[in-house]
Number of protein chains: 2
Amino acid sequence: MTDRSYSISELATEFGVTTRTIRFYEEKGLIHPRRVGQKRLYSPSDRVRIKLILRGKRIGMTLQESVEVIDLYDPAHNNRSQLHSLIRTVQEKRERLLRQKRDIEDMLAGLDEVQTLCEQGLKDAD
Amino acid sequence: MTDRSYSISELATEFGVTTRTIRFYEEKGLIHPRRVGQKRLYSPSDRVRIKLILRGKRIGMTLQESVEVIDLYDPAHNNRSQLHSLIRTVQEKRERLLRQKRDIEDMLAGLDEVQTLCEQGLKDAD
DNA sequence: AATTTAGTTTACGTTAACGTAAACGTAGGC
DNA sequence: GCCTACGTTTACGTTAACGTAAACTAAATT
């Protein structure tokens, strides 16, 4: 079963998006499924790509930013001349992610506080 | 100096946004600075509110979601009848944040991998 | 007095990321 | 032979979050 393929609606329901969304991603050049006749057929790697795009979205990346990160894995960049610029790019992405992580942790701490106050409030009312 | 106030451009440059952005937030009812004559004057708490809105934005929240979180701190909600629903809300926010945190950590791990490969590539070329 | 500097309102424009609808093709089941 | 499910293209619509420009005011500076 290594290398099955997926229909558009199969992926749509799996990821909780509409088929329109997936076609839109193709329209924007983010994915390139093959065709069988008229129909789109998605490979496992197409599927992962969509999954990663949606992961990016969840933390507020634009679609372009998402593929930018995904394509860092692309071996095409691995020519010596651009290795340094690639490293710099990685560093920039990392910094943004670290800041987001701090933001999230700060918010979580805030929520903890609120919850504690809530529970205290409930106890007081007993 | 406890309780100074801020002009719009002061806050704009501090937070790296335009004055338009700050006025827009007011237009949307997210902040309510006082007026001195025609001019807006921002209190320290107005300032914090903007800061928190922008923090929310950085992790992909909409403006509405940001204020929703911010207003969880508002003591107005602290009437016993709604404490349980408040706790549930807090729990939902927390779950989303935790997922985002996982997403970020996964991406960071990916970047680490890329970087290692890069450095390996540079070493090989020596 | 004239200009510069910061502020204001009003209003139309823009981009991303899809939603929604129309109009059509095709393969399988009754 | 027709319906149903799933797919397709084309195209206009929508929402959020501002950008941008015009036209004006008010204080401060030269």
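Every heavy atom of this structure was used, including side-chain atoms; hydrogens, water molecules and symmetry mates were not. Letters go in sequence order (proteins before strands), and every chain restarts at 1.
The side-chain heavy atoms of A:Ile59 and A:Leu97, taken from C-beta on, include a pair separated by under 4.5 Å. Residues A:Leu98 and B:Leu108 form a side-chain contact, since some pair of their non-hydrogen atoms from C-beta on lies under 4.5 Å apart. Put simply, the side chain of B:Tyr25 reaches to within 4.5 Å of the side chain of B:Leu54, judged on heavy atoms. The side-chain heavy atoms of A:Ile70 and A:Leu30, taken from C-beta on, include no pair separated by under 4.5 Å.
Of the residues near DNA chain C, B:Ser7 and B:Arg20, the one whose nearest nucleotide (by heavy atom distance) lies more toward the 5' end is B:Ser7. If B:Lys57 and B:Gln38 are placed on DNA chain D by their nearest nucleotide, the residue sitting closer to the 5' end is B:Lys57.
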Worksheet item: Could you go step by step and tell me if A:Glu68 and A:Gln64 meet the side chain to side chain donor-acceptor pair (under 3.5 Å) rule?
Response: CA-CA 6 Å; A:Glu68 212 178 306; A:Gln64 304 304 327; over 6 Å; no
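The hydrophobic clustering, which links ILVMFWY residues whose side-chain heavy atoms are closer than 4.5 Å, places B:Ile50 and B:Tyr73 apart. Residues B:Leu11 and B:Val67 are members of one and the same hydrophobic cluster, defined by side-chain heavy-atom contacts under 4.5 angstrom among Ile, Leu, Val, Met, Phe, Trp and Tyr.
Listed by residue number, the members of residues 21-28 of chain A with any heavy atom below 4.0 angstrom from DNA chain C are A:Thr21, A:Phe24, A:Tyr25.
Contact footprint of chain A on DNA chain D: nucleotides with an atom under 4.0 Å from a non-hydrogen protein atom, first to last in 5' to 3' order, D:dC6 to D:dA11.
Using a 4.0 Å heavy-atom cutoff across all strands shown, B:Thr19 reaches no nucleic acid atom at all.
Residue B:Asp103 forms a side-chain hydrogen bond (donor to acceptor under 3.5 Å, both in side chains) with just one option from A:Arg58, A:Gln100, A:Arg55, and that option is A:Arg58.
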